[in-house]
Amino acid sequence: MEGANGGGDGDGGDRPWQSYHTVYTTAKAGMEGVDKEKVQKVVYEMSKGSKYFQNEERKEAFINQKVQNLRIQCAKLTEADLVHYRKVADRRIVELEASRDLSRIWLHVDMDAFYAAVETLSNPTLQGKPMAVGSMSMISTANYEARKFGVRAAMPGFIARKLCPELIFVPIDFKKYTYYSDLTRKVFRIYDPNFIAGSLDEAYLDITEVCKERNVNSEEVCSDINKPNGQYILPNDRMAVMTFVSSLPIRKIGGIGKVTEHILKGVFEINTCEQMLEKSSYLYAILSQPTAEFFCSVGLGLGQKDSPQVRFRKSISNERTFSATEDEVLLHKKLVELAEMLSVDMQKEGLCGRTLTLKLKTASFEVRTRAVTLQKYISSSEDILKHAKKLLKAELPISVRLIGLRVSQFNGDKCSAAPDPTQKTITNFITSGDVNRNCSSFPDVADLDFVSDAETNLSIDNRQTSQLDWRDPFVGNYLSDGDHQSCIVQKNGVEEVQTPSNDATSSHHSGFTEGSTSFQGQFEGINVMNESKLREGARLNSCCQETTMLWLNDYKCSLCGIELPPSFVEERLEHSDFHLAEKLQKEESRIHQPYVPSRSRNQKDGITRQSKSKKQKLSNKEGKYTPIDSFFVKK
DNA sequence: CTCACTGCA
DNA sequence: TCCGTGCAGTGAG
């Protein structure tokens, strides 16, 4: 093997900025015309010399060293070794191929700049202006106008501002995004009650049955569900998949990030998925078996194996960044706060765990974790604090900028909700909710059954809430939105569709020596196949039912008057989908009470949380998926 | 088990 | 002035 040429590896000579690898130079939607060189230069100039930067350099040097080591290992492989590993790899590839399953049709939905889109919706004056959701220290997402300047998610705000001085910053408001996300999920649930929610703005739907029911193929569905922009159809035949995958840059694959890409390129000269297969003997020779296997399945365009199913959380944690300090009193105070927050979160979900991990980030950005595993399961803030203090004390003369606490090793039976069959749907609802839930600062679906005492204490007076129903997703700034009627259908940029993919592969892979990842996302577009998802005749029926409700004289839409003869089956379905979405949204806003401008409302968070929980409870009372039909009862 | 580290949204 | 948070997961020791 020669000439590593790790793709853009700078030499650090006269163009030092080229050697500073950041995550935000990767091509993203809306960043096609960006002058990458210029952006990189600005980022470099803004970062250079900082503690953060120095730490990045340290890490990068370490990785480079690893690349060197692996290259040496490769070079040491004998001819016999290579013959052997060729066989090993080929055999596995055949097995993997045999496991390919093209029978399911998956729809992957990914909303464009979701947070930014929502913010624009509630403040239309943002329309057309470069805007980012986030703060000076971190940006969560940027709209397309901002992306033209190279501004993007995960970039610190002060750098973004340098790139785009007129950039408008909007503080992050999860409540708002959760609200809109829930709207979209109601629609997803119609098509696949068991859809997998990746995050607030992302979902995977198994639409195999819908297609069958409506007697359409994925292509038709795609254009059916989404008129305009951005869908991509990957046919479920092997050749199409292989072609798609072959030229795909490895970085597009879920689970392959900056470091893995660097190693794959630097050590194996792998740049595309196709090359994973070509180099598979080296992969098996040098890397762990699961890791090699993962890469091979990527090369074959196979998805992950196990259906994401009802996966219980394995840990719960919180962490906060602050200006670095070594003041022990201050650090202790932070620890107390974290312990209390964590305890509240745990009780909300009925969790008890026996491993406590303390995380510290030093003033120089070095991360350190320290853990204890106890005999007994804990969840109270006192217990957490007691052990956390010990862990911290052991590190003590130290200057830190972040403290975090994590509890894991849960008590399976008693604390975590038992999989009671009657609760199954709701459990699904919760778990499919967010794999990664965010800040504890806003309520999430998991609250509904566990409104704890602690939570009650937060609200000022929960009696009045039951009357008033102050739920309003937009506690935020900005105008209201008489307009949020129209958002959903057009806003959710359904992006793409479909495909096969299979089982095979052990769903995990690893990162080389240390790192790894989760391989949940796969490619954007290639998807998971999972065995049987239960069928939902009921769901489809409800669709059809309400369709007939809508058509006066079997001809005219009772809601908007549009005329569509019975023979226009697909058009009708689509039309009713439209009204469904619209209706859901109206319903939602109605329940959520008329919008009250924020200045006139003085309720505290606790109240909002209360009522939100209540609402969730109501709408799920039946234990079925959302009572879709109820939305079609004319009021 | 512990710890460092990757990756993802 | 200035680079986050919460989760899953791997693998070496």
Side-chain angles (χ1 to χ4, degrees), chain A residues 22-24 43 46-47 49-56 59 62-63 66 110-111 114-115 134-141 153-162 172 174 177 181 197-202 251 253-263 287-291 294 308 311-323 338 341-342 345 354-361 365-374 391 401-402 404-409 434-441 444 506-522 524:
Chain A
T22 60
V23 288
Y24 20 77
V43 171
M46 295 297 288
S47 305
S50 68
K51 292 268 174 57
Y52 174 82
F53 182 87
Q54 288 170 22
N55 188 252
E56 289 298 299
K59 287 196 298 188
F62 188 78
I63 293 165
K66 184 153 74 181
D110 188 312
M111 328 257 199
F114 183 59
Y115 297 176
S135 69
M136 220 37 104
S137 55
M138 188 52 63
I139 285 177
S140 285
T141 190
M155 179 181 277
F158 67 92
I159 293 180
R161 191 180 48 185
K162 188 79 174 184
I172 198 154
F174 279 109
Y177 317 141
S181 180
S199 60
L200 288 181
D201 72 338
E202 197 184 22
R251 189 67 153 75
I253 278 55
I256 299 183
K258 188 182 76 162
V259 173
T260 309
E261 178 190 33
H262 184 42
I263 292 176
L287 307 175
S288 77
Q289 201 194 323
T291 305
F294 165 69
R311 291 227 298 266
F312 290 98
R313 70 151 78 236
K314 301 192 169 159
S315 71
I316 185 167
S317 65
N318 60 2
E319 64 186 56
R320 285 296 174 270
T321 295
F322 41 84
S323 50
L338 286 168
M341 285 168 47
L342 187 56
D345 288 348
R354 53 190 285 259
T355 298
L356 177 71
T357 306
L358 171 74
K359 175 177 172 180
L360 301 173
K361 193 188 282 178
F365 286 86
E366 181 198 339
V367 175
R368 212 180 279 185
T369 61
R370 295 290 178 262
V372 275
T373 298
L374 312 163
L391 292 172
R401 68 187 330 274
L402 172 148
L405 289 175
R406 174 164 77 245
V407 175
S408 49
Q409 298 262 21
D434 288 349
V435 180
N436 329 295
R437 227 156 30 251
N438 334 344
C439 306
S440 44
S441 60
D444 53 46
S506 63
S507 92
H508 323 99
H509 67 291
S510 64
F512 319 86
T513 314
E514 40 240 34
S516 89
T517 138
S518 35
F519 189 27
Q520 24 168 327
Q522 293 117 333
E524 336 224 325

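In this text the structure is predicted, and so the values were computed from the model without any measurement. Within every chain, numbering begins at 1; the chains are lettered A, B, ... in the order of the sequence lines, protein sequences first and strands thereafter.
- Considering only the side chain of A/Arg251, B/dC8 comes nearest among C/dA8, B/dC8, C/dC3.
- Residue A/Lys51 is out of contact with every strand shown, counting any heavy-atom pair closer than 4.0 Å.
- Listed nucleotides B/dA9, B/dG7, C/dG11 differ in distance to A/Val259; the shortest reach to its side chain belongs to B/dG7.
- Using a 4.0 Å heavy-atom criterion, one finds that A/Ser47 contacts the bases of the nucleic acid, with or without backbone contacts as well.
- The phosphate of C/dA8 (OP1 or OP2) has no side-chain N or O of A/Arg406 nearer than 4.0 angstrom.
- Residue A/Ser137 has no polar side-chain atom (N or O) positioned under 4.0 Å from OP1 or OP2 of C/dG4.
- Considering only side-chain N and O atoms, A/Ser317 lies under 4.0 angstrom from the phosphate OP1 or OP2 of C/dC7.
- For A/Ile159, counting side-chain heavy atoms from C-beta on, the closest listed nucleotide (C/dG4, C/dC3, C/dG6) is C/dC3.
- The aromatic rings of A/Tyr115 and A/Phe174 stand perpendicular to each other, their planes meeting at an angle above 60°, with 30° marking the opposite boundary.
- Candidate nucleotides C/dC7, C/dG4, B/dA9 were compared by shortest atom distance to the side chain of A/Thr321, and C/dG4 ranks first.
- When the options A/Ile316, A/Thr355, A/Leu356 are evaluated for a side-chain contact (heavy atoms from CB on, under 4.5 Å) with A/Ser408, the one that passes is A/Thr355.
- Here the nucleotide nearest the side chain of A/Arg320, chosen from C/dG6, C/dC3, B/dC3, is C/dG6.
- Following rounding to the nearest Å, A/Phe312 (CZ) and C/dA8 (C1') show an atom-to-atom distance of 16 Å.
- Across B/dA4, C/dC7, C/dG6, the shortest atom-to-atom separation from the side chain of A/Ile316 is found for C/dC7.
- For A/Arg354 and B/dC1, the shortest distance from a side-chain N or O to OP1 or OP2 is below 4.0 Å.
- Checking B/dC3, C/dG6, B/dA9 against the side-chain heavy atoms of A/Arg370 singles out B/dC3 as nearest.
- The separation between A/Met136 atom CE and C/dT1 atom P is 13 Å, rounded to whole Å.
- Computed from coordinates, the A/Lys361 NZ to B/dC3 P distance equals 18 Å when rounded to whole Å.
- Nearest to the side-chain atoms of A/Phe158 among the listed nucleotides C/dG4, C/dT5, C/dC2 stands C/dC2.
- Nearest nucleotide to the A/Gln409 side chain, out of B/dC1, C/dT5, B/dA4: B/dC1.
- Going from atom CE of A/Met46 over to atom C1' of C/dC3 covers 11 Å, rounded to whole Å.
- For A/Ser315, the listed nucleotide lying nearest its side chain is C/dA8; candidates were B/dC1, B/dA9, C/dA8.
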